S.K.: 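This is the structure I have questions about; it appears just below.
If you're wondering where the values come from, they're calculated on a predicted model, not measured in any experiment. Just so you know, ligand 1 is whichever comes first in the structure, and atom 1 is the first atom listed for that ligand.
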Amino acid sequence: MTAKKPFENFLINLRAASKTIGLSDSALKALETPEHIHETEVEFKLDSGEMRKVPGYRVEHNSARGPYKGGIRFHHEADLDEVKALASLMSLKCAVVNIPMGGGKGGITVNPKELSEGELERMSRAYFRWGTEEGIFGVNRDVPAPDVYTTPQIMAWMLDEHEKVLGYLSPGVITGKPLELGGSLGRSYATSQGGFFVLQKYLERTGKKPEDTTVAVQGFGNAGAYFAEIAHKAGFKVIAASDSKGAIVCDSETGSFDVEQLSAWKKEHGSLRGNFCEGDTCDLEKMKLESVKTMSNEELLELDVDVLCLAALDGVVHEENADNIKAKIILELANGPVTPEADAIMEAKGIAVIPDILANAGGVTVSYFEWVQNRSGDVWAEDYVIGKLKTVMENSFTDFMNVKEQYNVSYREAAFVLGVERIVTAMKLRGTI
Ligand code: NAD
């Protein structure tokens, strides 16, 4: 597989969109350059009493449309290049769904699985204390959220640390919080629900019915499992799913997994294949799930399905496997799962790639709703949250398709053009370009 280069990939897509709309050099330069890059060494005490230091980042890309918004990830491969790319994509994502927020992202280079709960708490608090004391995080300035390996509990520790430094409550400084601390109903499945609303709108145009639509999901984690459940409930045929241990595919006679059963199975056994598979062979009798076949994660990507939902890692569809993809639609719930090289191949093959900055924007949209509720002291009912999310996602899909038709560009480029145009309009109104 080709080496990952997330910020370069962002620049390739940005420059293509900029050429299409004839963006000025000053506007392009502004979008190529994050407004602020903050770096630190996060120092915290280990259970042994020793101190440990790990690299921490917060990148603030663009605030022309509102406060910086974007998650914090804890991952041993998180680095400045990745955080810059994700912060930049956040600016575009917020603009594509037309919410009044800018783009930011944070990260700590650490393997959180190596830390005890106490160590995780001390590290999370140290990071947020740094960001608060430096004046980075603030309800009207920069509002983080969870991302890879960061949870509502971690958001709670970070909020508490922020408020200790300030000396007063400020729940809107961070989203994705537990409900008891001002989290929003509907946030846990908002990304998947938002992606599903967009997919439904796309399918309406093709006239394809749910019962005739097969779906494979790569990454049966938070985003992927909720998506599979929502699609299954709506009558779609979810025929394959994978996690880091491998893929399972249902027998053609079954027609669809019972996704609730699959989720319960994964919860009980820790992975889709439980402890009953070795390599690509499973003990089906012991699994007692349904008739299943196993396959590798790579093979799942190449299944002949209507919808391939990518909800695991970035860069999984690349130059070397793009020719083998047979799905008709790719829904990017993960960030950056299709590389620019593979995008060009998908476009030539007529495969619709519904891009991450639209497909997974339901998460940040409900995070924005959480921020609004915290600032107004209100608590919205779940139906109200999901109803508002539906309106945002459907309107964004319409805007996105209008741009695609206006400029006759790829799906990815249409989303970039829509986001760039909205940010540039805001920068012009401010007189910053
Ligand atoms: P998660 O950790 O809950 O789930 C990831 C899943 O992918 C896990 O089940 C893991 O086992 C699986 N996986 C890992 N390697 C795999 C492989 N090689 N093949 C198949 N599966 C593999 O994470 P998540 O929150 O669901 O996020 C997934 C992606 O979606 C990330 O790119 C994230 O940035 C993006 N995303 C998530 C949200 C959200 O609200 N959760 C919002 C926007 C974007």
S.K.: Decide, yes or no, whether a salt bridge links D304 with K328 under the criterion of side-chain N to carboxylate O below 4.0 Å.
M.R.: yes
S.K.: Give yes if a backbone or side-chain nitrogen or oxygen of N222 is under 3.5 Å from a nitrogen or oxygen of ligand 1, and no if not.
M.R.: yes
S.K.: Nearest protein heavy-atom contact for atom 38 (C) of ligand 1: which residue, which atom, what distance?
M.R.: T191 OG1, 3.6 Å
S.K.: Under 4.0 Å from any heavy atom of F220, which atoms of ligand 1 are there?
M.R.: 9 (O)
S.K.: Charged N to carboxylate O under 4.0 angstrom, K105 versus E82?
M.R.: no
S.K.: Could an N or O of ligand 1 be found under 3.5 Å from any N or O of N360, whether backbone or side chain?
M.R.: no
S.K.: Which of these, G176, A312, A223, has its nearest heavy atom closest to atom 31 (C) of ligand 1?
M.R.: A312
S.K.: Under 4.5 Å between any side-chain heavy atoms of V249 and T294, yes or no?
M.R.: no
S.K.: Validate the cation-pi geometry between K84 and F7: distance from NZ or CZ to the six-membered ring centre under 6.0 Å, angle to the ring axis within 45°.
M.R.: yes
S.K.: At less than 4.0 angstrom from any non-hydrogen atom of N297, what atoms of ligand 1 do you find?
M.R.: 17 (C), 18 (N), 19 (N), 20 (C)
S.K.: What part of D243 sits under 4.0 Å from ligand 1 if we count only heavy atoms: the side chain, the backbone, both or neither?
M.R.: both
S.K.: Under 4.0 Å from ligand 1, counting heavy atoms only, is it the side chain of A311, its backbone, both or neither?
M.R.: backbone
S.K.: For atom 22 (C) of ligand 1, tell me which residue out of S296, S244, G71 has the closest non-hydrogen atom.
M.R.: S244
S.K.: Please name all residues satisfying side chain to side chain donor-acceptor pair (under 3.5 Å) with E347, sequence neighbours left out, ordered by chain then number.
M.R.: none
S.K.: Looking at atom 33 (C) of ligand 1, what's its closest protein heavy atom, distance included?
M.R.: N335 ND2, 4.1 Å
S.K.: If we count only non-hydrogen protein atoms and require a distance under 4.0 Å, does atom 27 (O) of ligand 1 qualify as touching the protein?
M.R.: no
S.K.: Check each atom of ligand 1 against the heavy atoms of K266 and keep those under 4.0 Å away; list them by number with element.
M.R.: 9 (O)
S.K.: Could you check atom 4 (O) of ligand 1 against the protein and tell me its nearest heavy-atom contact, residue, atom and distance included?
M.R.: G221 CA, 3.2 Å
S.K.: For ligand 1, is any non-hydrogen atom under 4.0 Å from R187's backbone (N, CA, C, O), its side chain (CB onward), both, or neither?
M.R.: side chain
S.K.: Quick one about N360 and N335 (side-chain donor to acceptor, distance below 3.5 Å, no hydrogens or angles considered), yes or no?
M.R.: yes
S.K.: Report the nearest protein non-hydrogen atom to atom 2 (O) of ligand 1: residue, atom name, distance rounded to 0.1 Å.
M.R.: Y149 CE2, 4.8 Å
S.K.: Where is the tightest heavy-atom contact between V238 and C250, given as atom of each residue plus distance?
M.R.: O-SG, 4.2 Å
S.K.: May I ask you to test the F44-L120 pair for a side-chain heavy-atom distance under 4.5 Å?
M.R.: no
S.K.: Can you find a heavy atom in the side chain of I354 that is under 4.5 Å from one in the side chain of E332?
M.R.: no
S.K.: Quick check on contacts: which atoms of ligand 1 are under 4.0 angstrom from a heavy atom of R73?
M.R.: 34 (O)
S.K.: Between K245 and ligand 1, find which residue part has any heavy-atom pair under 4.0 Å and reply side chain, backbone, both or neither.
M.R.: neither
S.K.: side-chain hydrogen bond (donor to acceptor under 3.5 Å, both in side chains) with S184: which of Q373, E382, E370?
M.R.: Q373
S.K.: Quick one: do D142 and K69 make a salt bridge, cutoff under 4.0 Å?
M.R.: no
S.K.: Atoms of ligand 1 less than 4.0 Å from L333 heavy atoms?
M.R.: 30 (O), 35 (C), 36 (N), 44 (C)
